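Nothing here was measured: the structure is a model prediction, and the numbers come from that model. Atoms considered below: every heavy atom in the structure, side chains included; atoms not considered: hydrogens, waters and symmetry mates.
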Amino acid sequence: MTIYVRLILLLTIILFRPIIGSASIIKIPQDFLVIQDGLDAAESGDTVMVAAGIYSGDGNRDLNFNGKAIALISEGGSDSTILDCGANLEAGNFRGFIFENGEDSSAHVVGFTIKNAGLLSIGHVPSGGAGAYIWNSSPVFENCVFENNVIDPGPKKILTEVAEELSGGAVLCDSNAAPYFQNCVFIGNQVWHGGGAIYCYKSSPVINGCLFIDNFAFRGPGAAILCDSLSFPVIANSTFFGNFVDQGPGSAIACRFGSHSSLSASIIAFNIGTDAIYCDSTSSSDVDCSNLYGNSGGDWAGCVESLNDSSGNMCVDPIFCDTLARDLHLGAASPCAPSNNMCNRFIGALHVACLWGYVCGDASGNEKINLLDITYIIRYLYKGGPPSEPEEAADANGSGNVDLLDITFLVYYLYNAGPPPICPGP
């Protein structure tokens with residue numbers, strides 16, 4: 001039995017085993033009206049399940065797991081489950097999440113939009129990370145959207161001495177934090193200093209399959225990500241587009257004070273400001289199988305200048321579907337599609353979709369190819385679940401039928417470096 005068939009069997013057992021033991025499922029708003037009450041009542045191993053809706057006000061912001069291994073999961077996904085922190089409507093400083101009690105990777109946040117969080121005055125300590133503040137902890141965020149979160153000192157912004165405090169519009173990773181971000185979107189977050197989306201201070205997040213769109217850092221460095229003071233982020237299969245730094249370096253990523261970023265199979269395109277990737281004299285960045293193109297301040301420049309045309313790197317128009325609509329799926333002729341590049345892999349966060357209007361292999365319809373698509377097909381074939389929309393999207397092996405072979409094809413692609421899905425089209 002091959003390794004990927006064994007993996008299918010293991011996934012099926014894990015995903016559809018009955019709930020056993022003492023773990024509980026707490027439902028919001030059925031069991032508790034606000035999310036924090038559910039988190040407080042939960043014990044390690046429990047799941048807090050949140051129904052679709054907009055959650056705002058006290059008890060639905062500044063959410064804290066208090067050191068427990070809890071899974072906080074939305075029922076409807078990020079499009080329909082929104083944590084509106086209300087900083088744009090109310091006076092005060094409101095975060096989405098606070099992880100400060102040593103939570104590890106057994107703490108999960110899955111399928112939420114975190115928006116309108118804000119730290120709008122000097123003196124809030126720490127003063128970064130409006131969407132999520134993570135100190136010495138390693139939670140997992142999956143399929144989440146961080147949107148329109150803001151760090152702004154207000155009238156005191158003209159003071160130079162406060163600039164360093166104001167970093168990480170969406171997320172601050174502080175002091176040995178090592179969170180994992182899987183298939184997340186960071187869009188329209190703003191900061192006065194650096195790291196419009198993520199600021200890392202002595203921390204090493206893993207960022208996989210994420211989109212960074214239209215994030216803004218005024219003074220910089222780092223319109224999307226700032227790696228500071230011995231930070232070592234690992235970034236893979238991600239796309240940076242339209243991020244803007246006004247007065248500092250690094251229109252996408254910046255590293256300083258002994259930091260090092262690792263970028264793989266990613267796109268940095270059409271960002272605004274200085275060099276796409278910036279390193280000070282004490283820092284560095286390695287890049288492989290990535291496309292840096294159309295950035296207004298320079299593509300392969302500075303600390304990554306020597307890496308162009310090596311290790312599968314390129315400087316070619318990625319051919320997005322619709323940049324005006326911020327649809328960053330790839331066109332069929334994109335050099336970032338596997339058949340069109342020497343790495344033989346998808347480059348960037350999103351796959352080919354312009355040709356058919358859907359992502360081949362995306363059975364679940366979330367515009368990604370991941371474990372959810374395998375479980376979706378299993379539920380459709382064996383648990384009475386709904387078909388994909390359109391059904392062709394689940395025909396990953398291009399046979400004309402949706403069956404067990406499509407499950408094995410996706411497992412082989414995702415976990416054993418198999419070929420990408422080859423849907424025949426509608």
Side-chain angles (χ1 to χ4, degrees), residues 77-82 84 88 111-117 130-131 141-150 169-171 181-191 195-198 207-217 222-225 235 237-246 250-253 265-273 276 290-297 299 316-337 346-360 362 364-370 393:
S78 60
D79 287 344
S80 60
T81 315
I82 298 169
D84 189 338
N88 59 330
F112 292 87
T113 290
I114 303 102
K115 65 186 299 185
N116 298 328
F141 286 85
E142 184 172 357
N143 297 321
C144 288
V145 177
F146 292 85
E147 180 180 358
N148 193 35
N149 301 293
V150 179
V171 175
F181 297 95
Q182 173 73 30
N183 296 337
C184 291
V185 178
F186 299 84
I187 182 167
N189 301 286
Q190 302 177 44
V191 70
I198 298 176
I207 299 163
N208 186 52
C210 293
L211 286 165
F212 294 84
I213 304 172
D214 298 336
N215 298 287
F216 172 70
I225 299 175
I235 306 161
N237 309 297
S238 295
T239 297
F240 297 76
F241 176 90
N243 301 287
F244 174 37
V245 61
D246 191 356
S251 62
I253 301 168
S266 296
I267 301 171
I268 300 179
F270 305 111
N271 299 282
I272 304 166
S290 293
N291 188 7
L292 276 59
Y293 176 83
N295 301 285
S296 67
D299 300 314
V316 187
D317 188 340
I319 310 181
F320 294 126
C321 286
D322 188 344
T323 55
L324 291 178
R326 297 310 192 246
D327 180 356
L328 303 183
H329 287 94
L330 304 176
S334 172
C336 300
F346 275 111
I347 296 173
L350 301 177
H351 291 192
V352 173
C354 311
L355 184 63
W356 304 318
Y358 63 83
V359 178
C360 179
D362 176 27
S364 67
N366 69 349
E367 301 185 350
K368 300 271 190 172
I369 301 177
N370 53 30

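With a 4.5 Å cut-off on side-chain heavy atoms, Ile268 and Ile253 count as touching. Between Ile235 and Phe240, the closest side-chain pair of non-hydrogen atoms falls below 4.5 Å. When side chains are defined from C-beta on, Ile114 counts as touching Cys144, because their heavy atoms get closer than 4.5 Å. Ile187 is not listed as a side-chain neighbour of Leu211, based on a closest heavy-atom distance of 4.5 Å or more. Here the side chains of His329 and Asp322 are not in contact, with every heavy-atom distance at 4.5 Å or above. Counting only heavy atoms from C-beta outward, the side chains of Ile272 and Ser296 approach each other to under 4.5 Å. A 4.5 Å side-chain heavy-atom check between Asn366 and Asn183 finds every atom pair outside the cut-off. Within the 4.5 Å cutoff, no side-chain heavy atoms of Asn271 are placed close to those of Phe212.
Pairing each heavy atom of Asp362 with each of Gly365, the nearest pair is OD1-N, 3.1 Å. The two residues Gly169 and Ala130 have their closest heavy-atom pair at O-CB, 3.3 Å. Nearest heavy-atom pair across Ala117 and Asn149 is N-OD1, 2.8 Å. Across every non-hydrogen atom of Leu330 and Cys321, the tightest pair is O-SG, 3.7 Å. Contact detail for Val359 and Ala353: the closest heavy-atom pair is CG2-CB, 3.9 Å. The two residues Ala217 and Ala223 have their closest heavy-atom pair at CB-CA, 3.9 Å.
Formation of a donor-acceptor pair under 3.5 Å by the Asp317 side chain with backbone atoms of Ile319 is found in this model. Remark: the backbone N or O of Phe320 is not paired with any side-chain donor or acceptor of Asp327 at under 3.5 angstrom. Of the possible donor and acceptor atoms, one in the side chain of Thr113 sits under 3.5 Å from a partner among the backbone N and O of Ser78. Between the side chain of Ser290 and the backbone N or O of Ser266, at least one donor-acceptor pair lies under 3.5 Å. Using modelled atom types, one side-chain atom of Ser238 and one backbone atom of Cys210 make a donor-acceptor pair closer than 3.5 Å. Put simply, the side chain of Asn291 never gets that close to the backbone of Ile347: no donor and acceptor are under 3.5 Å apart.
Of the candidates Asn143, Asn370, Asn237, Asn208, Gln182 forms a side chain to side chain donor-acceptor pair (under 3.5 Å) with just one, namely Asn208. For the side chain to side chain contact (heavy atoms under 4.5 Å, CB included) with Ile213, the qualifying choice from Asn189, Asn243, Leu328, Thr239 is Leu328, the only one to do so.
Between Phe181 and Phe146, the angle of the ring planes goes over 60°, which puts this pair in the perpendicular group of the 30/60° scheme. Using cut-offs of 30° and 60° for the angle between ring planes, the Phe270 and Phe241 rings count as perpendicular.
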Carefully, step by step, assess Phe216 and Asp246 under the rule side chain to side chain contact (heavy atoms under 4.5 Å, CB included).
CA-CA 8 Å; Phe216 172 70; Asp246 191 356; 4.1 Å; yes
